[in-house]
Every structure is written in structure tokens, then in C-alpha cells.
A.B. asks: 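Starting off with a structure, shown below.
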Amino acid sequence: MTDSQKSDETVTAASEEAETVAQVVDDAQAAGNDAAAEAPADAQSATQEVSAPEAEAAPADDAPAAETPAAEAAAPAADDEAPTAEAHAAEAAAPRPAARPAPSPAAFAARPKAASSPAVPVPAPVSSAASLAEAARWGRVEGDGHVFLTIDGEEHPVGQYPDVSDEEALGYFARKYDDVVAQIVLLEQRVGSKAPTTDMQKTVTHLREQLAERNMVGDLRAAEARLDTLSTQIAELEKAEKAEHDAVRAAELAAREAIVAEAEEISGHDPAQIQWKTSSARMNELFESWKTAQKNGVRLGRSNEDALWKRFRAARTVFDRHRRAYFSQLDSNNSAAKAAKEKLIAEAEALSTSTDWGFAAGEYRRLMDEWKASPRASRKDDDALWARFRAAQDVFFTSRQAANDEIDQEYGANLTVKEALLVEANALLPIKDLAAAKKALQSIRDRWEEAGKVPRADMGRIEAGLRKVEDAVRHAEDENWKRSNPETKARTNSALSQLEAAIAGLKEDLAKAEKAGDQRKIKAAQEALEARQAWLDQISRSASELS
């Protein structure tokens with residue numbers, strides 16, 4: 001049962017309780033005579049609370065026991081319970097005079113019996129003139145207190161209120177009708193405000209039953225018509241509530257379906273590609289959303305909730321199984337990677353004290369290549385292993401650098417000598433006298449070797465400077481050889497002779513063509529002659545350079 005349903009049931013129960021309280025108050029007022037007659041004189045202070053009329057005579061024997069005010073006074077009183085807000089509203093809506101609270105049956109039972117005690121007369125409540133006039137339209141009172149209801153032209157006995165005036169007797173039963181009308185008004189207000197309809201139809205049925213008992217005076221047909229209208233309105237309101245509830249339930253079902261679908265989508269990813277940290281956090285959020293929806297949302301029905309929960313639970317189970325398997329394999333790979341890198345670290349640490357600088361440096365390059373090719377461990381472990389491997393290398397390279405620095409200090413003087421030789425070698429450029437340049441360069445080379453090694457930082461610069469002068473001398477030698485090569489000269493002279501002979505023949509051919517006036521032959525001879533002449537000029541220039 002939802003909170004709204006509980007609230008509506010509470011309101012209905014409060015209305016019924018208010019009706020019972022009003023009924024008991026009225027009955028107790030009518031039955032006050034018997035209790036007052038039995039009360040002793042010294043207990044009259046307690047009887048001042050009674051507001052019902054007191055009379056010495058008991059109800060007539062011929063009145064129905066269930067309809068007499070004395071019999072109705074035997075109903076359980078609700079003196080010890082505080083009236084609800086709706087009971088106050090019902091009493092305020094009824095056109096009846098205010099009455100002081102009636103004593104409970106327990107109060108009467110606690111009083112000592114006394115056969116002869118003078119009763120203090122208490123005036124009975126009197127209905128308003130308008131209420132009595134309205135009641136007189138639908139009922140009448142006979143002289144002995146019998147009250148009759150006229151409905152559909154027929155009279156029905158309602159009950160008896162003896163030893164009071166006709167107005168009091170009629171007003172008593174009119175107030176019963178007013179109480180029912182007050183409850184109808186309250187129900188109409190609830191329907192008008194579209195309050196939850198839980199138990200509204202039960203209230204209508206209960207009021208119909210009260211009207212059907214015919215123990216009140218008033219326009220019962222009008223009250224029944226109002227109840228008919230209320231029943232129709234409540235039915236329409238129930239349909240609207242059901243439609244709204246179905247819409248809310250459908251929305252809740254869709255939200256719950258979305259939670260399950262997303263969980264299934266996450267659990268269906270490839271374990272090798274899933275982002276476990278992000279996905280695990282999202283699965284936890286989905287589980288919290290599920291719990292919140294189950295706690296605060298509308299109920300979806302046992303079948304729907306069970307089916308969705310089974311799917312959601314299955315998705316979480318698959319996800320957890322994949323996660324455990326992934327991290328188990330990850331731990332295994334991590335252990336293997338750690339073992340492989342521990343071996344590389346051991347080799348690096350063994351080489352860290354070596355003074356064979358060249359060999360150790362080569363081994364460290366090999367170890368670095370193997371380290372890069374080995375699988376990675378976890379981030380934390382891999383960082384720690386790399387720090388150890390790097391520390392071993394640093395020990396070696398720091399020692400080598402210290403040794404090189406010491407050597408560089410010894411080679412500083414050699415650097416000064418070679419820098420002076422390099423200035424002397426650069427003075428040979430450009431090469432003008434090849435033989436003198438070669439002789440001077442040989443002298444520089446001899447002194448260069450005698451000077452010894454220079455610091456490593458300057459070695460490349462110094463060697464490159466001398467190599468530049470050597471390359472210039474070598475290039476001059478090559479050029480000189482090309483010019484003085486006998487074989488080249490012979491080939492050049494032979495080509496000149498051939499071209500000269502070809503040119504002489506082409507000249508004869510040109511003269512013959514001109515004599516014959518053959519323009520085609522003239523053009524061909526001229527083109528061939530020009531080409532051979534260009535070749536001859538080029539070879540002649542080469543021959544002059546060689547000479």
C-alpha cells in the first residue's frame with residue numbers, strides 16, 4: 001500500500017470515527033435520565049458534565065430496542081480518543097447546536113448505585129428553528145415520543161424519544177440525518193479536490209447503508225441522489241488515477257529497463273578492451289540507482305521486478321567474473337614482466353663497476369633494447385624497476401665520465417699543439433703550388449701524430465679541420481693528373497683527327513649538293529657539318545686544358 005493510499009484510508013477511518021463519536025454523544029444525551037436517577041446526591045458534581053435530558057421514566061417497552069435512544073446509549077463511547085480534524089469538520093458542517101461531551105459507560109459503571117437520590121434536571125439541546133422546520137417536512141412525532149419518517153408518500157417508524165418535547169424528539173433524529181449530510185459534504189469536497197479515491201466507494205456504501213436503516217429524519221432521497229452523483233464522480237476519478245498510475249508505472253518501468261540495458265551493455269564489452277576503473281564506477285552508480293528506484297519508486301509488480309532484477313543481477317555477475325579473470329591474468333603477466341626485468345637489472349648492476357668502458361657501454365645498449373622489448377608490469381612496479389635499472393646505468397656512466405674528465409685534463413696541452421698545427425694547415429689554402437703544399441702537409445701530419453690525443457669534446461672539431469686541408473690537396477692532385485694523363489691526351493687527339501676528317505667530307509658533300517641544287521641534301525649536309533664543328537670546338541678546348 002502506498003503512502004497516499006494509507007493517508008486516504010486514515011481519512012476515511014477518521015470520518016467513520018467522527019460519525020461514531022457524534023452518534024454516541026447524541027445517544028448518551030437521550031439516555032442521561034437513567035444514569036442520573038441512579039446517581040447519589042453526593043455525586044451530583046460528576047453529573048454536571050451530562051448534557052442529555054434527564055427523566056425518571058425509562059423508554060417505552062413497545063419501542064424497538066435497536067432504535068431507542070437508551071439502547072443506542074449502550075454503544076461503546078469514544079471519550080478517551082481525541083476527535084480528528086475531519087470529525088471537527090463534519091460536526092461544523094452539520095446544522096446542530098453544540099453539546100457538551102457525554103460521560104463514558106465506564107464513568108457510569110464506576111458510580112455507586114442509589115435507590116433514592118433526587119436528580120438535577122438538565123435541559124436537553126434544542127435544534128434551530130430552521131432545522132426543525134426542515135425536519136417537520138419529512139417527519140412527525142406522536143404524543144408518546146414515537147417519531148415517523150415520510151418518504152415517497154409513506155411513513156416509516158424511526159424510533160422513540162420519550163418524556164421530551166416533540167421538538168426535542170424530532171431534533172434528535174434530524175441531527176442523525178445532518179451527520180450523514182455532513183459526511184456527504186466532506187466526501188464531495190474530497191472528490192472536488194481530486195483527493196486519492198482509496199475507500200471512497202466504501203464510504204459511499206456505508207452512507208447508503210445508514211440511509212437505508214431509516215433511523216433519521218430528513219430528505220433521504222436527496223441524500224441518496226447526492227451519493228449516486230458521488231459514486232459516478234468517484235468512478236471517473238478512479239479511472240483518471242489509474243491512467244496516471246499506469247503512466248507513472250510505465251515511466252518507472254522504462255527507467256528500470258534503461259538501468260538494466262546499460263548494465264548489460266557494459267558487461268558485454270570485450271574484457272581486453274574495457275576501461276575497468278570507469279566501468280566499475282558506472283556499474284556501482286547503476287546499482288545505487290536501482291536501489292533508490294526500488295525504495296522510492298512505484299511498484300512494478302512482482303513478475304516485472306523479478307524479471308528485471310534477474311537480468312540486472314546476471315549482468316553484474318558477468319561483469320564481476322570478467323573483471324576477476326582480467327585482473328588475475330594481469331597479475332600473472334605482471335609477475336612474468338617483473339621477473340624478466342629483475343634479470344636485466346641484475347646484469348646492469350653487475351656491469352656498473354666495470355672499467356672496460358667500450359664493452360660495458362655496448363652491453364648497456366643491449367640491455368636497454370631488451371628492456372624496451374620486454375612486457376610492462378603494473379605502473380607502480382614498472383616505475384620502481386626502471387628506477388633500479390637506471391640507477392645501475394648511472395653508476396657506470398658516472399664512473400666513465402669521471403675517467404674521461406681526468407683524461408681530458410691530461411690532453412689539454414695536446415689540444416693547444418694541434419690547434420696551432422691546424423692554423424698552419426689552413427694557411428696552405430687555396431693550393432697554388434701542389435708540390436710545396438704536399439710537402440708542408442706531410443710535415444704537419446708528422447707533428448700531428450706526435451702531439452697525441454686531445455679531449456673527447458674537441459676531437460671531432462680538430463680532426464674535421466685537418467681533414468678539410470687534406471681533401472683540398474687530394475682534389476688538386478686529381479685535377480693535375482687529369483691534365484697530364486697520356487692516355488687521355490691520345491684519345492683526345494684521335495677524336496680531333498676523326499672530326500676533322502668528317503668535317504672535310506661533309507664540306508665536299510655540301511659543295512656537291514649546292515652544285516646540284518638539291519635543297520634537301522644541302523640542308524642535311526649543313527646540319528651535320530654544324531654538329532661536327534661544335535664537337536670539334538669542345539674537344540679542342542679540352543685538349544688545350546690538358547696541355
Side-chain angles (χ1 to χ4, degrees), residues 19 22-39 47 50-75 77 94-97 99-100 102-103 105 108 113-181 209-221 223:
E19 177 188 351
Q23 180 73 35
V24 172
V25 170
D26 291 338
D27 294 345
Q29 291 172 350
N33 293 333
D34 296 334
E38 297 177 356
T47 63
V50 182
S51 60
E54 297 186 7
E56 295 180 358
D61 296 336
D62 56 347
E67 296 179 352
T68 61
E72 292 176 0
R96 51 178 293 183
R100 289 178 292 178
F108 283 114
K113 300 292 183 178
S116 60
S117 296
V120 178
V122 178
V126 180
S127 300
S128 64
S131 177
L132 289 175
E134 178 66 19
R137 294 178 55 197
W138 309 102
R140 67 181 182 85
V141 182
E142 289 188 350
D144 57 354
H146 285 284
V147 180
F148 295 89
L149 168 68
T150 301
I151 183 170
D152 295 335
E154 297 182 2
E155 282 192 345
H156 300 272
V158 174
Q160 184 183 15
Y161 197 162
D163 301 323
V164 295
S165 64
D166 291 352
E167 290 79 5
E168 290 176 312
L170 188 61
Y172 170 75
F173 290 100
R175 285 195 300 273
K176 288 189 176 184
Y177 174 77
D178 291 341
D179 290 342
V180 173
V181 171
E209 292 172 352
Q210 285 185 292
L211 294 173
E213 291 177 359
R214 304 292 191 261
N215 61 350
M216 60 190 71
V217 175
D219 190 357
L220 270 63
R221 293 306 185 197

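No experiment lies behind these values; they were computed from the predicted model shown.
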A.B. asks: So do M216 and L211 actually touch side chain to side chain, heavy atoms under 4.5 Å?
C.D. replies: yes
A.B. asks: Decide yes or no for Y177 and V217: does some side-chain heavy atom of the first lie under 4.5 Å from some side-chain heavy atom of the second?
C.D. replies: no
A.B. asks: Using modelled atom types and a 3.5 Å cut-off, is there a donor and acceptor pairing between side-chain atoms of Q160 and backbone atoms of D144?
C.D. replies: yes
A.B. asks: Would you say that R137 contacts D219 through its side chain, given a criterion of any heavy-atom pair below 4.5 Å between the two side chains?
C.D. replies: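 They are not in side-chain contact.
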A.B. asks: Any chance you could measure R140, atom CZ, to L149, atom CG, to the nearest 0.5 Å?
C.D. replies: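 Rounded to the nearest 0.5 Å, the CZ-CG separation comes to 11.0 Å.
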A.B. asks: Search all heavy atoms of Y161 against all heavy atoms of A169 and return the closest pair with its distance.
C.D. replies: CB-CB, 3.8 Å
A.B. asks: Between V147, N215, I151, which is the residue that forms a side chain to side chain contact (heavy atoms under 4.5 Å, CB included) with H156?
C.D. replies: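 Only one of V147, N215, I151 forms a side chain to side chain contact (heavy atoms under 4.5 Å, CB included) with H156, namely I151.
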